[in-house]
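Below is one structure, written out as C-alpha cells; the observations come after it.
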Amino acid sequence: MSHSEMSRAKRHLETTAKMKEMLPRFFMRQMERRFSNEPLAWCMVGVPPELLKAFDLLFEWPENFGTMCASRLVAPKFIEVAEGDGYSQELCSYVTNTMGYCKLFKETGEAPEESPLPGGMGTPAMLLGSGFICEPRWKWFQSIATRFFDVPVYSSDPLAPPWDIDPRDPRIEEHYLSLLREDLSGQINFLEKHTGKKLDLDLLREILALSHEALAYWRDTLALRKAVPCPMGSTDYFHSIIPQMYLVGDQEAVDFYREMYAEVKDRVERGVGIVEEEKYRLIWFGLPPWFNMGIFNYLESLGAVFAYESTYNVGDYFEVDLSDPLEAIVRRTWQRAVKMHDYGAETMPELCNPAVFGGFSGSSLLEELVDDFSLNGAIMHLTRSCRAVSFGEVHTKNRLSEIGVPSLIFESDMADPRLWSDAQIKTRLHAFLETMDKAEKGAR
Amino acid sequence: MTVNSKQAISTRNEEMIVKLKTESGMPVIGYICCFAPPELIAAAGALPYRITGIPGADNSAADAYVEPYGCTYVRNILARAVKGELDYLDGLVISHSCDMVQRLYGIWTYYHPLAYSYMFNVPHQLTPWSKRFFKRELGFFKESLEKYTGNEITNESLRKAIDNSNLNRKLIRKLYNMRKEDKPLFEGSEIIELLIDGGTLPAEQFRKVLEEKLAEAENREAGKEPKPRIMIWGSIMDDPSLFKMIEETGGTVITDDTCIGTRVWDKDIPLTDDLYDGLTSHYFENFQCPRTDRGPGVKRFDYLLERAREYRVNGVVGYCISFCDPHKFDYPDLRDLLKKERVPFLLIDDNYSFEPAGSIRTRLQAFIEML
Ligand code: SF4
Ligand code: SF4
C-alpha cells in the first residue's frame, strides 16, 4: 500500500456536512471538562450511551478512535508500536491501535502528536467494556488496565440464546433476562461507585426518550433508502453514526437526525440519487476500510450504490415502555436479540448485539432485505483482523446464491491499510460488476 | 514427524470410540472444550468423546463454509465434519469457549445436522449472576441430554460419574507428581498421550490405563541426567508433537498449562450438596482458560507461577495457534510477568501443523541450551 492510493470519502448529504461544525463544538466542550479533571471513561460500543449521559460522565470510544486513526492513516504507526510490544498482526486492529497509542502515551505522558481529536483519548479514570460481539473485547480492557492505566474495569456480559434455542420459551427468556438485568445493575453499581453519583432514574428516562426519538428518525431515514434511485449512500451512512455514539440523548442529536430524515425524504421526492445511472444496487457486508472510504465513491463512479450496510447500525429503534427506564434498557437489548434470532442466527455469536444485524447474516433477513431494498448484488469486506464481524460471510454468500443474488468477498482490514492493495481490489470489484452485467444480460 | 503419524492419534481415538459404541450400544456425544461437563454426558448413559484434530491436514473442505482466517484446529474439525468423516458422532456439545469454537457450532449444525446437538452458553465474567447463569445452563444441558438419551440424570448417577473422574484426577496428579523428581521416570509426551486417550475412554477404563502406567513407571529405573524442565502454556494441544520436539532437543516437559493437560485434571470436582454447585466451581470459576475474564492485573497468572515453582520449571514454552485470540492477547502480559520473575519464555506460533519442524526444533534447541 502506498498512502497515495487512499482517498477520503466524498459525501452527498448536506446534513452530514454539518457535522464538520457540530462535532468540533462537541469535542471542545469535552476538552474543557477534561481539563478540569472530570473523570473520563473509555467505553466499548455496547455500553448504553444513555447511561453514560445520565451519569454526566465524560466518555470516549477507543473503537471510534481506531476508525479516526485509520482514516487519518496514523493507525499503522500505533499498530506497529503494539506489534513491537508482542501483539500479533492477526489481532483486532482497533485493539492494537489502542495498545500502541497507550504505549506512546505512557512513554511521553501525553497523547502522541499524530492523534486525532484534541488531546487524543485523554487519560481514562475507568474502563467500561462490553463483550457483546467478540473475544478481543474481553482481553482489550483487561490488558489496558494491566499494562497502561491501572484503573477499575467493568465489562458487561450480555448473553443471548444460541441459534437453535427458542428465545420465546418462558424459561429461556427468564434465564437470559435475569442475567441482563443483573448485569445492568452491576454496571450501574460500578458507575455509582466510581463517579460518586447516584443514578437519577427520571433523568435517564428523559435521555432515553430523546435517544429513542433520534433513533426513530434514523430508522425512518434508513427505510427511505428503499427508494430507487437510492437517496443516500455508504459514505453518508458510515459518517452519520457518529452522533449516535457521542450525542445520543441530546436534543442536538434529535435535530440532526430529523434534518437528515427531511433531507433524504426530499431527495426521494425529487428523485435525486447518489449516482446518475443506478446500475447496481448493492448490500455491503462487514466493516468499511476506514483508511480508504473513497472506495465507495469509486464504486459509485461505476454506477454502484449501496442501499444497505450490515454494520455499525449502532442502536436500532425499538418500542419500549419507558416507565421503568432500567427495564426499558433490558427489554430493548432483549428485543434486538430476539429479532436477530428470528432472522436466523446460525453464524452469529449468542450475544446481545446493540444493533440488529450488526454485521451478520440471518437467513431470512437476507431475503427480506433483497426484496425491500431491490438489491441485485452484495459486496463483502473480509477483515483479516476482525474475524468476529467477517465470520459468516461465506455462509451469507451461500445463502445469497440460493436466492440468485451474486456476491463478492474481498479481503483487507478496517483500520490497517497495510492490508490494502488498491489495484488488485479495484480490479476485483470492477470485474465483479462486469459479471453482474453479463448475468443480467443473460437473464434478459 | 510426518502428517501421517499425527493423523494416527485421531485415527486411533476414532477406532476406539467406534468400538466402544458398538460394544456398548450407547450414543457418542462429541465435545470440544471442557465447559460442558463430560460427567453429565456419562451420567446420561452416553459416551463423552473429546473430538481431536489432525494437525497439518488439508482443511480446504472448510472453505465452502467458513472464511480462511480462523483457528486451524477448528477449521480442521469442520472440514472433517462436513466431509462426513465424523459421522460416527451421534451428538455434539460445544461451549462458547472462544469465538471460533462457538461459530463452529452454528455452521456445523446448519450444514451437517446431528441427531443431538447443544450449544452450552458460558458467560465471560465471574460475577455472582454469571455463576448463577452457568448453573442454570447446566440444568438446561442436563434436560436436553435426558430428552435425547431417554435416561434421567439422577443425583446418584451424576455423583458416580464425578467420583469416577475424580479418581482419575488423583491418578493423573500422581503421575504429574512423579515428574517433580530431578530425574523423572518418564517423559511428558507419555502423559499427554495418556490424557488424549482419556478424552475417549470411559472413566472406568481410563482408570485401568492410568493404574497400569503408574505401576509400570514405578518399576522403571531412574537414570538419565537431569534435563532442563519446561512448562508448556497455550492453545489446545491434542497432539504430543511439541512435547516430543522438546524432548528431542534436550529438554523435558515437566508440566503444562493447556486445556487437555492440567487445566482439567489439576483439581477435583468438589462434591457439594448440590452437585451442580461443584460443577460450576470446577468448570467455570476454576477452569483456567484465558477466555474467561479474571479482571485486570497479573494476578490472573498466579496459578501459573505457583505451578512453575512447584515443578521447579526452568523455562516456559508458549504455543499459540494462528488466530487464537485468547492466548495471543495474553501473551504480552504473561511474557512481561515471566521476565520479571526471571522465567525464560519462548513463544512458538504455529498454524496447528508443527511445521516446518526443522525451524521449530532449531528455536527450541537454542532456547533449551540457554537454560
Ligand atoms: S468486533 Fe471486530 S473490530 Fe470490533 S472489537 Fe471485536 S474484533 Fe475488533
Ligand atoms: S486454539 Fe485458541 S482459537 Fe483455537 S479453539 Fe482453542 S482457544 Fe479457540
Side-chain angles (χ1 to χ4, degrees), chain A residues 85-88 90-92 95 99 127 129 131 134-136 138-147 150-153 155-157 159-165 171-172 175-176 178-179 181-183 186 345-351 382 384-385 387-388 390-395 398 409 411, chain B residues 62-71 94 96 98-100 102-103 105-107 109-111 113 117-125 127-130 132-133 136-137 139-140 290-298 300 320 322-326 328-333 335-337 347 349:
Chain A
D85 200 18
Y87 287 96
S88 159
E90 290 164 2
L91 299 173
C92 168
V95 179
M99 292 302 183
L127 302 171
C134 70
E135 192 97 46
W138 298 115
K139 309 307 285 180
W140 189 354
F141 282 4
Q142 181 181 57
S143 284
I144 288 183
T146 303
R147 305 177 79 69
D150 184 11
V151 296
V153 188
S155 287
S156 131
D157 197 5
L159 304 183
W163 79 283
D164 52 3
I165 296 283
R171 292 169 67 223
I172 294 291
H175 179 38
Y176 284 90
S178 56
L179 180 83
R181 287 191 191 106
E182 292 186 290
D183 185 39
E346 56 274 6
T347 62
M348 297 194 320
E350 21 51 302
L351 298 162
L382 175 59
R384 186 178 195 267
S385 83
R387 271 91 61 201
S390 311
F391 197 96
E393 287 179 356
V394 172
H395 173 60
N398 293 346
I409 299 180
E411 294 170 20
Chain B
D63 294 342
Y65 309 95
V66 289
E67 294 63 30
Y69 303 128
C71 166
I94 284 186
H96 186 158
C98 68
D99 287 353
M100 211 34 214
Q102 182 264 333
R103 306 292 217 286
Y105 179 80
I107 291 284
T109 54
Y110 182 88
Y111 287 99
S117 52
Y118 191 82
M119 165 88 218
F120 188 92
N121 213 346
V122 190
H124 280 79
Q125 295 295 318
T127 53
W129 48 92
S130 60
R132 285 196 283 276
F133 180 93
R136 290 196 303 267
E137 188 66 16
F140 284 114
R291 58 73 71 196
T292 301
D293 184 3
R294 280 163 209 277
V298 287
R300 66 187 201 271
C320 277
S322 320
F323 303 109
C324 176
D325 284 331
K328 290 209 157 181
F329 271 114
D330 257 359
Y331 165 69
D333 289 350
R335 176 205 57 201
D336 290 356
L337 175 68
L347 182 73
D349 266 312

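Note on naming: letters A, B, ... go to the chains in the order of the sequence lines (proteins, then strands), and numbering restarts at 1 for each one. All of these numbers come straight from a predicted model, not from anything done at the bench.
Side-chain contact between B/D293 and A/Q142: present, with at least one pair of heavy atoms (C-beta onward) separated by less than 4.5 Å. Side-chain contact between A/V394 and B/D63 is absent, with no heavy-atom pair separated by less than 4.5 Å. Taking 4.5 Å as the limit, every side-chain heavy atom of A/S155 sits out of range of all side-chain heavy atoms of B/H124. B/Q125 is not listed as a side-chain neighbour of A/D183, based on a closest heavy-atom distance of 4.5 Å or more. Inter-residue side-chain proximity for B/H96 and A/L159 is flagged as unmet; no heavy-atom pair is nearer than 4.5 Å. Taking the side chain as every heavy atom from C-beta outward, A/D157 and B/W129 never approach each other to under 4.5 Å. Contact of the A/Y87 side chain with the B/F329 side chain is registered, since non-hydrogen atoms from C-beta on lie closer than 4.5 Å. Within the 4.5 Å cutoff, no side-chain heavy atoms of A/E182 are placed close to those of B/T127.
Neither the backbone nor the side chain of B/D349 comes within less than 4.5 Å of any heavy atom in chain A. Using a 4.5 Å cut-off between heavy atoms, A/S143 touches chain B through backbone and side chain atoms alike. If you measure heavy-atom distances from B/Y69 to chain A, the contacts under 4.5 Å come from both the backbone and the side chain. Only the side chain of B/Q102 comes within less than 4.5 Å of a heavy atom of chain A; its backbone N, CA, C and O stay farther away. Of the two parts of B/P290, the backbone and the side chain both hold a non-hydrogen atom closer than 4.5 Å to a non-hydrogen atom of chain A. The contact between A/L179 and chain B is made by backbone and side chain atoms together, counting heavy-atom distances below 4.5 Å. For A/D85, the parts lying near chain B are the backbone and the side chain together; criterion is any non-hydrogen pair under 4.5 Å.
Contacts with chain B were tallied for A/V153, A/N398, A/I165; A/N398 has the most, counting heavy-atom pairs under 4.5 Å. Between chain A and the residues B/P68, B/S117, B/P326, the largest count of heavy-atom pairs under 4.5 Å involves B/P326. Interface remark: of the candidates A/D150, A/V95, A/I409, A/V95 forms the most heavy-atom pairs closer than 4.5 Å to chain B. With chain B as the partner, the residue from A/E411, A/M99, A/R181 showing the most heavy-atom pairs under 4.5 Å is A/E411. When each of B/S130, B/G295, B/C320, B/C324 is scored by its heavy-atom pairs under 4.5 Å with chain A, the top score falls to B/G295. Chain B forms more heavy-atom pairs under 4.5 Å with one residue of A/G129, A/C92, A/C134 than with any other, namely A/C134. When each of B/D330, B/T292, B/V298 is scored by its heavy-atom pairs under 4.5 Å with chain A, the top score falls to B/D330.
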Practice item. Decide yes or no on side-chain contact (heavy atoms from CB on, under 4.5 Å) for A/I172 and B/F140, but give the supporting numbers first. Key: CA-CA 9 Å; A/I172 294 291; B/F140 284 114; 3.9 Å; yes

Check your understanding: Given B/R136 and A/S178, is the side-chain hydrogen bond (donor to acceptor under 3.5 Å, both in side chains) satisfied, shown in steps?
Key -> CA-CA 11 Å; B/R136 290 196 303 267; A/S178 56; 3.0 Å; yes

Point to revise | Chi angles and distances behind the ring pair (Phe, Tyr, Trp, His ring centres under 6.0 Å) call for B/F133, A/Y176 | key: CA-CA 8 Å; B/F133 180 93; A/Y176 284 90; 5.2 Å; yes

Exercise for review: Go through the steps for B/D333 and A/K139 under the test side-chain contact (heavy atoms from CB on, under 4.5 Å), then give the verdict.
Suggested key: CA-CA 11 Å; B/D333 289 350; A/K139 309 307 285 180; over 6 Å; no

Review point. What do the steps show when you test A/E350 against B/Y105 for side-chain hydrogen bond (donor to acceptor under 3.5 Å, both in side chains), and what is the final call?
Key: CA-CA 11 Å; A/E350 21 51 302; B/Y105 179 80; over 6 Å; no

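Pairing each heavy atom of B/R335 with each of A/G86, the nearest pair is NH1-CA, 3.6 Å. Nearest heavy-atom pair across B/D336 and A/R147 is OD2-NH2, 2.8 Å. A/H395 and B/Y111 make their closest contact through ND1-OH, 2.6 Å (heavy atoms, listed as atom of the first residue, atom of the second, distance). Smallest separation of non-hydrogen atoms from A/P162 and B/N121: CD-ND2, 4.2 Å.
Using a distance-only test at 3.5 Å, with no hydrogens or angles considered, a donor-acceptor pair links the side chain of B/D99 to the main chain of A/E135. Not one N or O on the side chain of B/R291 forms a donor-acceptor pair closer than 3.5 Å with the backbone of A/W138. Side chain of B/E67 to main chain of A/E393: a donor-acceptor pair is present (N/O by atom type, distance under 3.5 Å, no hydrogens or angles).
In this structure, CD1 on B/I107 lies 9.5 Å from CH2 on A/W163, to the nearest 0.5 angstrom.
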